[in-house]
J.: 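Here it is, the structure, as structure tokens.
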Amino acid sequence: MSRSRLFVFVAGALLAPAVAAAQPAGRRPVPPAPPPTLTEEQARTIADLAAADAVAKERARAEAEQAEKDAAAAAALEATRAELAALRQQIDGFAAAQAQHDQAQVDQAAVDAAKAKDQTKADGDEYLHGAGGFTDVRLNLTLTNENMLTEPGETIPSVPGWRFGRPNSLGTLFFDNYDTRFSGYETLSHAIMYRNYRKDHLEAEGGLVIRLNELAERKIDLSDAGSYVLVSWWKDPEHKDPTRYTLTAFPVSSDRMRLGYSYRLSWGGNEEYRRSSQAVPGIKFQIDLPKVYAFIGAKSSVMLDRATAEQVAKLAFLGGAGVDLTEMVRVEVNGGYFNRGSNELEDVNTEDVQLYGVSAQVAAHKGMPVSSSIDYKLYKYDPERVGRVFQKAKYPGGTSWLAMAEVTYLGQTLKDPEKSGSTKVQPGIAGDVNLRAMIDRVRVRADFQYRDLAFILHSVPSLPTYSDFPMGYERKPNLFAAIGADQNFDDKLTVGAVVGIEMPATLTTPTGLPGTQMTGESTAVIRSADAIPVVLPAGEKAAPSYAFKLSGQYDFGEVFAALVDVYFTYDPNQTRLVRNDAEDLFEYEFGDFNQLGTNVTLQAKF
């Protein structure tokens, strides 16, 4: 029985008595119909259907209500996710800031500890501290190819191809590492034994510093890296007043006591005594005042006297001073005299080669300190005085800048090529302008440099060696300009680019260069005192070279970094030696002017 028929039947059974009672009087009443009866199965069916209908309505209501709740929950979840993403960015920023703050607190704690030690010293107690270990450790694994456009033997120096190791000179561009002696790809370290003593106004420091360089499986090159003994008298035992008088002794190598300011233009180091096989010790006395410093110093070495064939001592004297004219302007000057031993040329071997000169620098700065090369600094190993050699760049925000201009004049007594048995002074001049700026997380730099040939070759000295340039020799200076910028992201990733142009120094001779097989007029490109001169084909002149470099560095774990450099240079001064037959002489011809290279480095510095 269908549901509709069943309802009709039930309704009829219920309404029949009421219809009968409503009939008009006077008629014969119709006997009431017998009440319908439901079987037990029908009653059960009716109950089941009613229950199912109620359940269906309740389920529909519950599903609609749940759908509304789900939609509201989904919207709330999406909003929460957006809030969490924004919060995560804030947390990352706070974490980076907190890490810097924590490091600053660690440094400050060490400083406070040192000050506490100073206080006990001020009270008359002795203090002796220090330790030994390794510092300035540089570990570099570099995948390099200095020129992917050439084969081995086609360039000077030759490019071996893809390999792991330190790039040769072609992998370091003329604007790279302007303020250090190293290329940045070396694996080296410094072993130090350091002690510091303080009592009242007195402070004494001593450090034995050994450089481990040119590491190989069966070779380790050891050298002194500026071992020293330093004794200071401080005006203020707590060192709050910077006034002090310092005597520094270099028992083995005084190379860190140099003249000049930019390392590329520095002079007066150990290279001035390159003929000596013995140490070049030295001593320096310096006065530091709140806005002024001044120093004097001396060096010595033992040289072979060419006239007597005896070993004789030769001395050098240095001095300099600097003053902060205002909070933004500093002026510095230094100079020296170096007796470099007897001239090696026979007709003047009784005359000493004497080098003297003066360097001056003017610096203006705001928010950025006037800094010097790490290769001038003394190494220390004292846990009480935290000072990492390699500090990651800090980006405090805002704008800061530094501008420095330097000039150097040198004079050196060499053989007069025009007069037998006589000497003359060969002058040399160099100068540069260095600009640095930081705008939030963007750094910009520009370097402009001038060096004449006499300055570049002063430590050789000259070419031909120990003689001034003959009148028929034509000389041109080295000039370069480079501009670069980089951007840092979240104290992790730094990407940048540098572009530069260089006109190399050249020497043109009418009768061939000394030490070559050239017989006619020839021109040599001379990039440094230690670089191999590049001889141009006969009759050719040098031309400007151009370089462009892209770099990326990802820092992690405080002391680790991954670096990628890709560079391109156009150098129309590249040559190579060739000959047509085994009996013929070698001749120079132009090589490939284009260079495309790359260095991929995994690095640790600590």
Side-chain angles (χ1 to χ4, degrees), residues 156-157 169-170 172-181 183 255 258-275 335-336 338 340 353-359 373 375 406-415 417 424-434 447-470 473-482 500-509 513-516 522-536 541-545 547 571 573:
I156 299 176
S169 60
L170 291 179
T172 303
L173 307 185
F174 58 83
F175 48 67
D176 285 336
N177 308 308
Y178 190 82
D179 217 22
T180 178
R181 62 182 293 180
S183 69
D255 187 61
R258 304 176 68 91
L259 299 171
Y261 301 95
S262 298
Y263 196 86
R264 186 77 62 93
L265 302 187
S266 68
W267 59 286
N270 287 356
E271 67 272 9
E272 311 303 355
Y273 294 102
R274 60 172 62 208
R275 281 193 299 159
F338 297 80
R340 303 184 62 195
V353 176
Q354 301 176 70
L355 171 69
Y356 57 89
V358 61
S359 298
S373 170
D375 298 316
E406 173 183 355
V407 63
T408 294
Y409 171 84
L410 301 181
Q412 188 163 214
T413 57
L414 301 173
K415 172 182 167 57
K424 66 180 298 186
V425 174
Q426 181 187 73
I429 297 177
D432 67 4
V433 175
N434 309 118
D447 296 303
F448 307 92
Q449 176 198 271
Y450 172 93
R451 297 182 300 168
D452 68 13
L453 193 59
F455 181 89
I456 294 174
L457 297 176
H458 81 269
S459 63
V460 175
S462 191
L463 188 67
T465 55
Y466 292 93
S467 172
D468 190 19
F469 302 114
Y473 283 25
E474 179 184 355
R475 307 176 305 279
K476 290 188 177 180
N478 164 232
L479 303 98
F480 92 72
I501 179 173
E502 179 186 38
M503 186 66 191
T506 60
L507 178 65
T508 301
T509 65
L513 288 166
T516 69
S522 59
T523 298
V525 172
I526 301 175
R527 302 186 187 277
S528 71
D530 298 319
I532 301 173
V534 176
V535 181
L536 302 179
K541 299 294 184 181
S545 61
D571 186 359
N573 307 301

J.: Quick one: CZ on Phe174 to CZ on Arg264, what's the gap to the nearest 0.5 Å?
T.: 9.5 Å
J.: For Val425 and Gly411, work out which heavy atoms get closest and say how close.
T.: CG1-CA, 3.9 Å
J.: Sub-3.5 Å donor-acceptor pair from the side chain of Ser266 to the main-chain atoms of Leu259, do we have one?
T.: no
J.: Please find the pair of heavy atoms, one from Pro504 and one from Asn478, that lie closest to each other, and give the distance.
T.: CA-ND2, 3.9 Å
J.: Checking Leu414 against Ser462 for the side chain to side chain contact (heavy atoms under 4.5 Å, CB included) test, could you report, in this order, the C-alpha distance in whole Å, the side-chain angles of both residues, the deciding distance, and whether it holds?
T.: CA-CA 9 Å; Leu414 301 173; Ser462 191; 3.7 Å; yes
J.: Does either side chain, that of Thr506 or that of Arg475, offer a donor lying less than 3.5 Å from an acceptor on the other one?
T.: no
J.: Side chains of Trp267 and Ser459 only: does a donor on one sit below 3.5 Å from an acceptor on the other?
T.: no
J.: For the residue pair Tyr409 and Tyr356, categorise the inter-ring angle as parallel (less than 30°), tilted (30 to 60°) or perpendicular (more than 60°).
T.: tilted
J.: Looking at Asp530 and Arg181, is there a salt bridge between them, counting it only when a charged N and a carboxylate O are closer than 4.0 Å?
T.: no
J.: Just so I know, are the side chains of Thr509 and Ser522 near enough to count as touching, which here means a heavy-atom distance under 4.5 Å?
T.: yes
J.: Please assess Leu507 against Thr523 for the test side chain to side chain contact (heavy atoms under 4.5 Å, CB included), listing each intermediate value before the final yes or no.
T.: CA-CA 6 Å; Leu507 178 65; Thr523 298; over 6 Å; no
J.: Provide the closest heavy-atom pair for Ser183 versus Thr172 in the form atom of the first, atom of the second, distance.
T.: CB-OG1, 3.8 Å
J.: Can you measure from CZ (Phe480) to CD (Gln449) and round to the nearest 0.5 angstrom?
T.: 4.5 Å
J.: Between atom CG of Leu463 and atom CG of Asp468, what is the distance when rounded to the nearest 0.5 Å?
T.: 11.5 Å
J.: Under 4.5 Å between any side-chain heavy atoms of Val353 and Phe338, yes or no?
T.: no
J.: Do Asp432 and Tyr261 have side-chain N/O donor and acceptor atoms under 3.5 Å apart?
T.: no
J.: Do we see a donor-acceptor contact under 3.5 Å between the side chains of Gln426 and His458?
T.: no
J.: When rounded to the nearest 0.5 angstrom, what is the spacing between CD1 in Ile456 and OG in Ser528?
T.: 8.0 Å
J.: Looking only at heavy atoms, what is the nearest atom pair of Ala454 and Pro427, with distance?
T.: CB-O, 3.1 Å
J.: Report the distance from atom CZ of Arg451 to atom CZ of Arg527, rounding to the nearest 0.5 Å.
T.: 10.5 Å
J.: What pairs with Ser169 under side chain to side chain contact (heavy atoms under 4.5 Å, CB included), at least two apart in sequence or on another chain?
T.: Pro157
J.: Could you report the tightest heavy-atom contact between Pro417 and Phe469, atom names first, then the distance?
T.: CG-O, 3.9 Å
J.: Test side chain to side chain contact (heavy atoms under 4.5 Å, CB included) on Tyr473 and Thr508 and set out the steps.
T.: CA-CA 6 Å; Tyr473 283 25; Thr508 301; over 6 Å; no
J.: Could you state the interatomic distance from CG (Asp571) to CD (Glu502), rounded to the nearest 0.5 Å?
T.: 8.0 Å
J.: For Asp179, which residues count as a side chain to side chain contact (heavy atoms under 4.5 Å, CB included) partner, sequence neighbours excluded?
T.: Ser262, Tyr263, Ser373
J.: I'd like to check the side chain to side chain donor-acceptor pair (under 3.5 Å) partners of Arg340; sequence neighbours left out, ordered by chain and number.
T.: Gln412
J.: Just so I know, are the side chains of Thr408 and Val358 near enough to count as touching, which here means a heavy-atom distance under 4.5 Å?
T.: no
J.: Run Arg258 and Glu272 through side chain to side chain contact (heavy atoms under 4.5 Å, CB included) and show every step you take.
T.: CA-CA 11 Å; Arg258 304 176 68 91; Glu272 311 303 355; over 6 Å; no
J.: What closest approach, in Å, do Gly269 and Asp255 show between heavy atoms, and which atom pair accounts for it?
T.: CA-OD1, 3.4 Å
J.: Is Asp452 reaching over with its side chain to a backbone N or O of Ile429, donor-acceptor style, under 3.5 angstrom?
T.: yes
